[in-house]
A.B. asks: 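Mind looking over this structure? Questions follow.
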Amino acid sequence: MPELPEVETIARTLAPRILGRRILEARFYSSLVAGGAAKELRRRVAGRKIAAVRRHGKFLLLDLDGETLSIHLGMTGRLLWGAVRGPYTRAEFLLDGGLLLYDDVRQFGRIELAGRTAALGPDALAIGESAFVDLLRTRRGRIKPLLLNQGLLCGIGNIYADEALFRARIHPLASAKRLSAARARRLHAAIQASLAAAIASGGSSISDYVDSEGRQGTFQLQHRVYGKAGEPCPACGTAIRRIVVAQRGTHYCPKCQRP
DNA sequence: ATTACTACCTGACAGC
DNA sequence: TGCTGTCAGGTAGTAA
């Protein structure tokens, strides 16, 4: 579910609620969430104060004094402040002044102590134009799988890959290294624009995503191709096509995004 | 290095 | 009402 704009929105809504608060206790209701290390995690976070709320790619990072808690929401993870425990609550953090819930229907998300979370590329919102152009030049594969590869560039998922490629008018199967410098720069700008617009709308809510206050995002109302197979392209009216790339549903306009 | 396929887990929805 | 198959904002592991 959550890509960079959704995690960014959660970080922004959560920060004013939890910054400076102390974790009194962590509780786990599913053995999957902490990847088998629930006991150690409980011990290591208890009593620590939340000094910072950060995001890197799709990871939400809580800096405690001496530790960093790393939270990845998988497909259906939610971090909720002031909500009531439900059937999908997999973990909770009792803070001095409130309860932070971690709900996750499909349980693809993970909460762990940072340290192992290294092999990530630069954040998609932070990478500069020239570094991005260089990144594309050094790769042999197709552009969409590259955008989804968190080890090269992190934060972009299936929605924003499709949306950015459409805005840049680049076919998802185009060879990354054979893109002209002008097209690579256009893609960089399209990524920045897509992510910024999504953050401004509080993210995309397709089925599960809500921010830490339980509010849905509205950027799904501005999607141009994602989930719009068969509908007319907003630029030229041609029917949006859906293919499978890197095992993910991929939406594009066959006229605006020529191979 | 890159791609393909499977697996993880649960729910929604379409079709029979 | 079931049952079956497909799909879903995620990633990891293995094989080719």
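In the text below, chain A, chain B and the rest are named by the order of the sequence lines, each starting its count at 1.
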A.B. asks: CD1 of A/Ile243 versus P of C/dC7: gap in Å, rounded?
C.D. replies: 14 Å
A.B. asks: Atom CD1 of A/Ile159 to atom C1' of C/dA8: distance rounded to whole Å?
C.D. replies: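 My rounded result for the distance is 10 Å.
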A.B. asks: Side chain to side chain donor-acceptor pair (under 3.5 Å) with A/Glu129: which residues, sequence neighbours excluded?
C.D. replies: none
A.B. asks: Just the atom pairs and distances: protein N or O near nucleotides 1-3 of chain B's N or O, under 3.5 Å.
C.D. replies:
from	atom 1	to	atom 2	distance (Å)
B/dT2	OP1	A/Arg140	N	2.5
B/dT2	OP2	A/Arg139	NH1	2.6
B/dT3	OP1	A/Arg142	N	3.3

A.B. asks: Could you check A/Lys58, A/Arg55, A/Arg54 and say which one makes a salt bridge (charged side-chain N to carboxylate O under 4.0 Å, His left out) with A/Glu8?
C.D. replies: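 Answer to the salt bridge (charged side-chain N to carboxylate O under 4.0 Å, His left out) test with A/Glu8 among A/Lys58, A/Arg55, A/Arg54: A/Arg55.
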A.B. asks: Is any side-chain N of the basic residue among A/Asp208 and A/Arg78 closer than 4.0 Å to the acidic one's carboxylate O?
C.D. replies: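 Here A/Asp208 does not pair with A/Arg78 in a salt bridge, since their nearest N and O are not under 4.0 Å apart.
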A.B. asks: Between C/dT11 atom C1' and A/Leu120 atom CG, what is the distance in whole Å?
C.D. replies: 11 Å
A.B. asks: Examine the side chains of A/Tyr226 and A/Gln220 and answer whether a donor and an acceptor come within less than 3.5 Å of each other.
C.D. replies: no
A.B. asks: Would you call the rings of A/Phe28 and A/Phe93 parallel, tilted or perpendicular if under 30° counts as parallel and over 60° as perpendicular?
C.D. replies: perpendicular
A.B. asks: Using whole Å, what does the distance between atom C1' of nucleotide B/dG11 and atom CZ of A/Arg78 come to?
C.D. replies: 13 Å
A.B. asks: Take atom CZ of A/Arg110 and atom P of C/dT11, then tell me their distance rounded to the nearest Å.
C.D. replies: 12 Å
A.B. asks: Please measure how far the P atom in B/dC9 lies from the corresponding atom in C/dG2, and state the result in whole Å.
C.D. replies: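 After rounding to an integer number of Å, I get 26 Å for this pair.
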A.B. asks: Which base sits across from B/dC9 as a Watson-Crick or G-U pair, both distances under 3.5 Å?
C.D. replies: none
A.B. asks: Before accepting this row, confirm whether a basic side-chain N of the pair A/Arg42/A/Glu25 lies closer than 4.0 Å to the acidic partner's carboxylate O.
C.D. replies: yes
A.B. asks: Whole angstroms only, please: what is the CG-C1' distance between A/Leu147 and C/dT11?
C.D. replies: 17 Å
A.B. asks: Set out, line by line, the N/O atom pairs under 3.5 Å between protein and nucleotides 8-10 of chain B.
C.D. replies:
from	atom 1	to	atom 2	distance (Å)
B/dC9	O4'	A/Arg106	O	3.3
B/dC9	O3'	A/Gln107	NE2	3.4
B/dC9	O2	A/Arg106	NE	2.8
B/dC9	N3	A/Arg106	NH2	3.2
B/dT10	OP1	A/Gln107	NE2	3.4

A.B. asks: Starting at atom CG of A/Asp162, determine the distance to atom P of C/dA8, rounded to an integer number of angstrom.
C.D. replies: 11 Å
A.B. asks: Assess whether a salt bridge exists between A/Arg12 and A/Asp211, defined as any Lys/Arg side-chain N lying under 4.0 Å from an Asp/Glu carboxylate O.
C.D. replies: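 A/Asp211 and A/Arg12: not salt-bridged.
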A.B. asks: So for atom NZ, which belongs to A/Lys177, do other residues, nucleotides or ligands contribute more than 12 heavy atoms lying within a distance under 6.0 Å?
C.D. replies: yes
A.B. asks: Please state the P separation for the pair C/dC3 and B/dC8 - nearest whole angstrom.
C.D. replies: 22 Å
A.B. asks: Whole Å only: how far is the CD1 atom of A/Ile206 from the C1' atom of C/dC7?
C.D. replies: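 Nearest whole value for this atom pair: 13 Å.
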A.B. asks: Cut-off 3.5 Å, side chains only: do A/Tyr209 and A/Glu3 have a donor facing an acceptor?
C.D. replies: no
A.B. asks: What integer number of Å spans the P atoms of B/dT10 and C/dT1?
C.D. replies: 23 Å
